[in-house]
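The block underneath contains the structure these notes are about, expressed in structure tokens.
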Amino acid sequence: DNDQRFRYRGSKTTHIFKDTYSPFSLIKQGYTDINFWWGTDRSKFISVNGWAWNGSSRNAPTKQYQNTLSLRPNSDILIEYRLNYIDIEGSLYTDPYNQTIHRIKLEYNFTDRFNIRGIYQLNDVEDKTYSLDANGKIVDKLSSNMVESPTINLTGSWEYDKGSFVYLVF
């Protein structure tokens, strides 16, 4: 049992505290967090790193992880794949939520002062609606909506003077 709490400003409790923003209640998280990190030397040709977290978000069981695979054929080129995942089961204080992000990044350093990188990222978000009982436990899945959203980003950076950068982003 941990004693971490979060501020809740919704209508599901009687508020006993107030700040300059609005009244709120302090709600116990109710879950113990477990964290795990791993990684190898990122300067090598192939490296892997990541982390995993199992805990709670606004009193809802939550699982989250990130894994990255990097290829660095030389000091000027970086090719990277990253997978991010989060799953929030839902509670009286937050809606269920599931998101997976796949990201590919290519980076090239023309000089130590001029760099260009491109990122392609696919975001998969599942918006879930559930029926909850009085204790906040899921009773029935009402609907689920999956949204896939790709993002493309191209960035050039130039350090024209020590510590001074110009960025061009598309």
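We number each residue from 1, following the sequence as shown.
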Inset, instruction - Could I get the full list of salt bridge (charged side-chain N to carboxylate O under 4.0 Å, His left out) partners for D19, not counting sequence neighbours? - result: R7, R9
Legend entry - Pair H102-Y81, side-chain donor/acceptor within less than 3.5 Å: yes
Inset, instruction - Anything under 30° is parallel, anything over 60° is perpendicular, the rest tilted; go ahead and classify Y108 against F110. - result: perpendicular
Legend entry - Parallel, tilted or perpendicular, as decided by the 30° and 60° cut-offs, for the rings of Y8 and Y93: perpendicular
Legend entry - Point-to-point distance, once rounded to the nearest 0.5 Å, from CZ of R5 to CG of N59: 11.0 Å
Inset, instruction - Could you grab the distance from atom OH of Y160 to atom CZ of F165, nearest 0.5 Å is fine? - result: 10.0 Å
Legend entry - Y85: side-chain hydrogen bond (donor to acceptor under 3.5 Å, both in side chains) partners, not counting sequence neighbours: N98
Inset, instruction - Return the set of residues passing side-chain contact (heavy atoms from CB on, under 4.5 Å) with N109 (not counting sequence neighbours), or none when no residue passes. - result: D76, E107, N115
Legend entry - Hydrophobic cluster identity match, F17 and Y21, side-chain contacts under 4.5 Å: no
Inset, instruction - To the nearest 0.5 angstrom, please state how far the CD1 atom of I119 sits from the CD1 atom of I104. - result: 11.0 Å
Inset, instruction - Kindly determine whether L106 and Y120 satisfy side chain to side chain contact (heavy atoms under 4.5 Å, CB included), including the steps that lead there. - result: CA-CA 9 Å; L106 304 172; Y120 174 78; over 6 Å; no
Inset, instruction - Using the rule that two of Ile, Leu, Val, Met, Phe, Trp, Tyr join whenever any of their side-chain heavy atoms come within less than 4.5 Å, decide whether F45 and V48 are in one cluster. - result: yes
Name the atoms and distances for all side-chain donor-acceptor pairs under 3.5 Å in residues 61-73, with sequence neighbours left out.
residue	atom	partner	partner atom	Å
T62	OG1	S57	N	3.2
T62	OG1	A60	O	2.9
Q66	OE1	N84	ND2	2.7
T68	OG1	R82	NE	3.0
S70	OG	E80	OE2	3.2

Legend entry - Gap separating the OG atom of S25 from the CZ atom of F6, nearest 0.5 angstrom: 9.5 Å
Legend entry - Atom pair CG (N49) and CG (D41), whose distance is rounded to the nearest 0.5 Å: 10.5 Å
Inset, instruction - Find out whether W51 and N35 are in side-chain contact, i.e. whether some heavy atom of one side chain is under 4.5 Å from a heavy atom of the other. - result: no
Legend entry - Single-linkage hydrophobic cluster I86~L83, side-chain heavy atoms < 4.5 angstrom: no
Legend entry - Within 6.0 angstrom of F170 CZ, more than 12 heavy atoms from elsewhere: no
Legend entry - Hphob cluster co-occupancy, V125 + I88, side-chain heavy atoms under 4.5 angstrom: yes
Can I get a per-line list of side-chain donor-acceptor pairs under 3.5 Å for residues 147-157, giving both atom names and the distance, sequence neighbours left out?
residue	atom	partner	partner atom	Å
N153	OD1	T155	OG1	2.7

Inset, instruction - Please answer: with hydrophobic residues joined when any side-chain heavy atoms are less than 4.5 Å apart, are I116 and I79 in the same cluster? - result: yes
Inset, instruction - For R103, enumerate each residue passing the salt bridge (charged side-chain N to carboxylate O under 4.0 Å, His left out) test, keeping only those at least two apart in sequence or located in another chain. - result: none
